[in-house]
Amino acid sequence: MRSKFLFGFFGLTLWIFFGIQGCKVGKKYVQPELDLPETYRGDTIAYFADTISIGRIDWRTFFQDTILKDLIDSALVNNNDMRTALLNIEIADQQVRQNRANFLPSAEARIASANRQWRSRDFISAPPSKYYGDGGRELPENMYVLLSQFGTDISFSWELDIWGKIRNRQDMVVADYLETHEARKAVQTDLIARVAMGYFNLLMLDAKIEVAKRNVQLNDSTLQIIKLQYEAGEITALAIQQTESQRLLAASLVPELEQEIALQENALRVLAGEMPARIGRGNSFNELLDDANDISLGTPVEVIRNRPDIRSAELQLISANANANVQQAMRYPALTIGGTLGVNAMLPKNWFNIPGALLGGIAGDITAPIFQNRQLKTQYEIARLERDQAEIGLQQKVLEAVGEVSDAVITVGKQREQLEFAEQRVSNSALAVRNAGLLFKSGYASYLEVITAQSNALDSDLALVELRQQYLASYIDLYRSLGGGWR
C-alpha cells in the first residue's frame, strides 16, 4: 500500500513537472529598435575600404609617446577606480557561481540530535509506556519523560524550476557579471583619455613657458636699445617704463605657468596611482599621435558594438528583463521535493542499531501564493517598469554616443582649420616684430609700435600653443567617444 502511494506521488509530480514545462512565463529579451543614422553629422574624415575604425585601434598603437604610455600603464594597474572595477568583477563572478548551484538540490546533515522532554500529570498526554516498559519502571505521574529521541540524518530539498525562475535569475546574474566587465572597460577608456589629456596639457604648459621666456629675452633686448636712446635724449622715460611693463608681463607668466605645471604633474601622478612627483617629457606636439586621414570613424552601428558604456546599458536591460520574468514566476505555484535518511532511537544505546533505528522519508510540496498583501504583484509591476526604464536608458546612451561622436568630429575638423589660421598669425606676428625692430632702429617706427608688435606676438604664440592642445584633446575625445582605449 505504501509503495503504491509513493509511485502515485512520483507519477503525479512528474506529470505536473512535464506538463508545466510548456508554460514558461516571462518575455524573451529582444534588442529594441535604436533608430541609428547611417553616418555622423560633420563626418569629413576620409574613409578607405581597407582601413579600420579609430575606436578599434589599440591605445598602445594610437599613442606615440613612450612616457605617456608608461603613465597609462601605471594608471591601469594602480588607479583606484580600476582596482575597484576589478573587484566588482570578482564579486559578480561569485554571484554567478552561487546562482548556478541553485539548479542543484540542497542537502544538510545533522551529525547528532538529542531531544528529551518532561511533563507532569496535568498535561494532556500520558507518558510513553514503551519507554518506561523497556527500562522495567512504572509510569510516574509527575516529570515523566514524554519524548526521548536521539538521531543522525541527512536531508535534501530541491525546488524544480518549472516556471524558469532559477533560469531567469541565472540570466540576470550573468548579465550583471558581464556588465561589470563592460564597466571596467568604460573606466579604462575614460582613464586613458584623462591621462592623455593631462599629459598633453603638461606639454602645452611647457610650450607656453618657452614662449614667455623667449618673449622676456626679446623685451630685454628692446629695453636695452630704448635705454640707450633715452641716454642719448632721443626719447622720454615713459618709453622705458612702458617697455619694462611689457617685459614684466611676460616674466610674470613664468612662475604662474610653473605653478600650473607642478599641479598638473601632481594630478597626473595621483591619476596613475602614484605619489606626487615630477613627470618627464617625451615627444613634441607633432609626434604625440597619428592623426592621419588613413583611418575611418566607422558607422554608428559599429560604435554601438564598440562602446563599453552602451554595451553595459544593454546588459542592464537584459538583467532587468530577466528580473521581471523572475518576479512574474514568483506569483505562480512552486514544486519542491525533499527527503530524509538516517537513524533515530528512543534510547541512546539503540542510537545506531541497524536496521532497528533506521528512518527514511520523502515529501513533496506544491505551494502557491494566494494573498500576500499585493506584495508579489507590486514587485512584478516595479520590475516591469524598471525594465522599461532600462530600455529608455539604453536609447539615451545611444543618442548621447552618436551626439558625442558628431560633436568630436566637428570639433576636430574646425580646429584643424583654426590651426592653419593660428600658424599664419604667428608667422605674421614674428615678421611684424622683426620689421618693427628694424624700423625702430632706423628711426622710422616708435617704441610703441615695437611694444605692440611684441605683445601681439606673445598673444599669437600662446594662442597657437593652446589651440594645439585643444586639437589634441578633441582628437582624444573622438577616440574615446568611438569606444577606443579598452582593447
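Computed from a prediction, not measured in an experiment: that's the story for all the values here. The residues of the chain are indexed from 1 along the displayed sequence. Atom set for the values below is all heavy atoms of this structure, side chains included, hydrogens, waters and symmetry mates excluded.
- Atom CG of Leu263 sits in a crowded spot, with more than 12 heavy atoms from other residues, nucleotides or ligands closer than 6.0 Å.
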Given the rule in the side chain to side chain contact (heavy atoms under 4.5 Å, CB included) test, do Ser120 and Glu141 qualify, once you have shown the distances and angles that lead to the verdict?
CA-CA 6 Å; Ser120 296; Glu141 288 189 2; over 6 Å; no
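- Between Ile111 and Thr152 the shortest side-chain heavy-atom distance does not fall below 4.5 Å.
- Applying the salt bridge (charged side-chain N to carboxylate O under 4.0 Å, His left out) rule to pairs touching residues 69-87 yields Arg60-Asp73, sequence neighbours excluded.
- Under the rule for a ring pair (Phe, Tyr, Trp, His ring centres under 6.0 Å), Tyr380 has no partner lying at least two apart in sequence or in another chain.
- Around atom CZ of Arg121, no more than 12 heavy atoms belonging to other residues, nucleotides or ligands sit under 6.0 Å away.
- A heavy-atom distance below 4.5 Å is not found between the side chains of Leu315 and Tyr177.
- Ring geometry, Trp163 versus Tyr332: the interplanar angle falls from 30° to 60°, so the pair is classed tilted.
- For the pair Met204/Arg468, no side-chain contact is recorded, criterion being any heavy-atom separation below 4.5 Å from C-beta on.
- Contact check on Arg384 versus Glu381 returns a salt bridge, with a Lys/Arg side-chain nitrogen under 4.0 Å from an Asp/Glu carboxylate oxygen.
- Other residues, nucleotides and ligands contribute at most 12 non-hydrogen atoms within 6.0 Å of the CD atom of Glu108.
- Counting all heavy atoms, side chain and backbone alike, Arg278 lies closest to Arg269 at O-NH2, 2.6 Å.
- For residues 333-362, the pairs satisfying ring pair (Phe, Tyr, Trp, His ring centres under 6.0 Å) are Phe150-Trp351, with sequence neighbours left out.
- Side-chain atoms of Gln379 and Arg331, non-hydrogen and from C-beta on, never get closer than 4.5 Å to each other.
- More than 12 heavy-atom neighbours from other residues, nucleotides or ligands sit within 6.0 angstrom of CE on Met172.
- Contact check for Leu359 versus Leu341: no side-chain heavy atoms found under the 4.5 Å cut-off.
- A heavy-atom distance below 4.5 Å is not found between the side chains of Asp171 and Ser319.
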